[in-house]
Amino acid sequence: QIASSTRDHPEEVIGTSTAGDEQLLAAVSSRTPAMRAAYEANLKDVDSYIRDAEKSLRADPNDEQAQQYLRNAYEQKSMVYEMAMNRSQP
């Protein structure tokens, strides 16, 4: 459910840790507790990437490279969600 929500509404997972991130980490913890730290670190990294890309776009909204970086960051976060949900399912 979380992964499909992420794909349908990527804006819900943008920026720093969100309620969705906490739900994802709780789901991972319930199935594979040892993996929580890895996914938490991955989410922090991708959130940092998103913040950096957003900062670049605020400085120059027409910067096509920054726009692409932000799209890539969104895709990375979506992939983290997808991997976590796929691996944490029974």
Side-chain angles (χ1 to χ4, degrees):
Q1 181 181 358
I2 294 171
S4 66
S5 172
T6 301
R7 256 183 262 118
D8 297 340
H9 304 285
E11 68 279 3
E12 293 176 6
V13 296
I14 303 311
T16 58
S17 183
T18 64
D21 290 356
E22 293 305 318
Q23 289 176 346
L24 177 74
L25 293 172
V28 167
S29 292
S30 71
R31 302 269 188 207
T32 52
M35 294 301 297
R36 180 186 170 100
Y39 283 105
E40 192 166 17
N42 287 335
L43 287 170
K44 285 182 183 180
D45 288 345
V46 79
D47 286 342
S48 176
Y49 184 21
I50 289 168
R51 283 190 305 274
D52 290 346
E54 287 174 336
K55 182 178 178 183
S56 293
L57 276 175
R58 280 192 299 276
D60 182 3
N62 297 317
D63 183 342
E64 291 181 17
Q65 188 173 20
Q67 292 171 8
Q68 184 61 48
Y69 286 155
L70 188 56
R71 282 191 294 273
N72 291 348
Y74 294 156
E75 289 173 11
Q76 283 186 6
K77 188 150 189 178
S78 180
M79 284 189 280
V80 169
Y81 268 63
E82 240 178 276
M83 288 179 359
M85 292 308 299
N86 288 338
R87 292 185 180 160
S88 68
Q89 294 187 9

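Residues: numbered from 1 along the sequence shown. Note that these values count all heavy atoms, side chains included, but never hydrogens, waters or copies made by symmetry.
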Answer whether the closest heavy-atom distance between the side chains of Tyr39 and Met83 falls below 4.5 Å. yes

For Ser56 and Ala66 the tightest heavy-atom approach is CB-CB, 3.8 Å

Would you name the heavy atoms of Ala26 and Arg36 that are closest together and state the gap between them? N-NH1, 3.9 Å

Nearest 0.5 Å please: distance from the CG atom of Asn72 over to the CD atom of Gln65. 10.0 Å

So does Pro61 get a backbone contact from the side chain of Gln67, meaning a donor-acceptor N/O pair under 3.5 Å? yes

Give a yes or no answer on whether the side chain of Thr32 reaches the backbone of Met35 with a donor-acceptor pair at less than 3.5 Å. no

Nearest atoms (heavy-atom pairs only) where Leu57 meets Leu70: CD1-CD2, 3.4 Å

Short side-chain to backbone donor-acceptor contact, Ser48 and Lys44, under 3.5 Å: no

With side chains defined as the heavy atoms from C-beta onward, is the minimum distance between Asp47 and Asp21 less than 4.5 Å? yes

Examine Met85 and Val80 and state if one hydrophobic cluster contains both, with Ile, Leu, Val, Met, Phe, Trp and Tyr joined whenever side-chain heavy atoms are less than 4.5 Å apart. yes

CD of Gln68 to CD of Glu75, rounded to nearest 0.5 Å, is 7.0 Å

So which atom in Lys77 and which in Ile50 form the shortest heavy-atom distance, rounded to 0.1 Å? CD-CD1, 4.0 Å

Crowded around Tyr69 OH? As in, over 12 foreign heavy atoms under 6.0 Å? no

Looking at Tyr81 and Gly20, would you say the former's side chain and the latter's main chain have a donor-acceptor pair under 3.5 Å? yes

